[in-house]
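Contents: one structure, followed by commentary.
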Amino acid sequence: MEITRQQYEFALARIEELLPLVDDQVAADDRNAVELALLSEFVIEYESLHFPIEKPTIAELIDLALEEKKMTQKELAKEIGVSPSRINDFITGRAEPSLKIAKRLCLCLGITASAMLGV
């Protein structure tokens with residue numbers, strides 16, 4: 001079944017109406033909870049088809065992790081034993097880390113190996 005933009009927008013509006021009515025105290029088989037679950041799946045299906053989210057690049061992963069940890073490129077370089085210019089190469093996409101360096105990046109920045117490998 002193909003979901004139209006109009007159906008998607010209707011589902012979003014109805015979800016907004018249902019959210020205040022369904023909390024952790026509401027039984028899973030409650031009419032509003034069931035409707036919310038079904039509409040949520042409907043919206044997820046539409047969005048995955050029309051608004052796919054691409055996997056982040058290694059550069060984006062490193063940059064985001066640095067921002068989250070409030071860490072500088074220079075601090076990261078010192079922590080994993082490479083030059084600051086090498087970190088900059090990774091962030092700008094001019095180079096990709098070796099497996100050995102990728103492992104250090106994952107451990108230091110809290111990036112999962114699967115995210116770093118793009119799987």
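Every heavy atom of this structure was used, including side-chain atoms; hydrogens, water molecules and symmetry mates were not.
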When rounded to the nearest 0.5 angstrom, what distance separates [atom1] in [X] from [atom2] in [Y]?
X   : Y    : atom1 : atom2 : answer
L99 : K103 : CG    : NZ    : 10.5 Å
I87 : D63  : CD1   : CG    : 11.5 Å
F90 : T57  : CZ    : OG1   : 13.0 Å
F10 : T4   : CZ    : OG1   : 11.0 Å

Inset, instruction - Please check if atom CD in E96 has more than 12 non-hydrogen atoms from other residues, nucleotides or ligands closer than 6.0 Å. - result: no
Inset, instruction - Taking atom CZ of R31 as the centre, report whether more than 12 heavy atoms of other residues, nucleotides or ligands fall under 6.0 Å from it. - result: no
How far apart are the closest heavy atoms of [X] and [Y], and which atoms are they?
X    : Y    : answer
Q73  : P84  : OE1-O, 4.2 Å
L109 : A65  : CB-CB, 3.7 Å
R14  : E35  : NE-OE2, 2.9 Å
M71  : C108 : CE-SG, 4.0 Å
L61  : I111 : O-CD1, 3.8 Å
A28  : A33  : O-CB, 3.9 Å

Any non-hydrogen side-chain atom of [X] less than 4.5 Å from a side-chain atom of [Y]?
X   : Y   : value
L64 : P56 : no
N88 : R94 : yes
K78 : K74 : no
I62 : L76 : yes
L36 : N32 : no

Joint hydrophobic cluster, [X] plus [Y], side-chain heavy atoms closer than 4.5 Å:
X    : Y   : result
L19  : Y46 : yes
V26  : L39 : yes
L107 : L66 : no

Legend entry - Carboxylate-amine/guanidinium contact K69 E75, below 4.0 Å: no
Inset, instruction - Please assess D30 against L21 for the test side chain to side chain contact (heavy atoms under 4.5 Å, CB included), listing each intermediate value before the final yes or no. - result: CA-CA 10 Å; D30 176 84; L21 305 175; over 6 Å; no
Legend entry - Y8 and F51 aromatic ring geometry - parallel, tilted or perpendicular at 30°/60° bounds: tilted
Legend entry - Partner of E9 by side-chain hydrogen bond (donor to acceptor under 3.5 Å, both in side chains), out of Q6, R5, Q7: R5
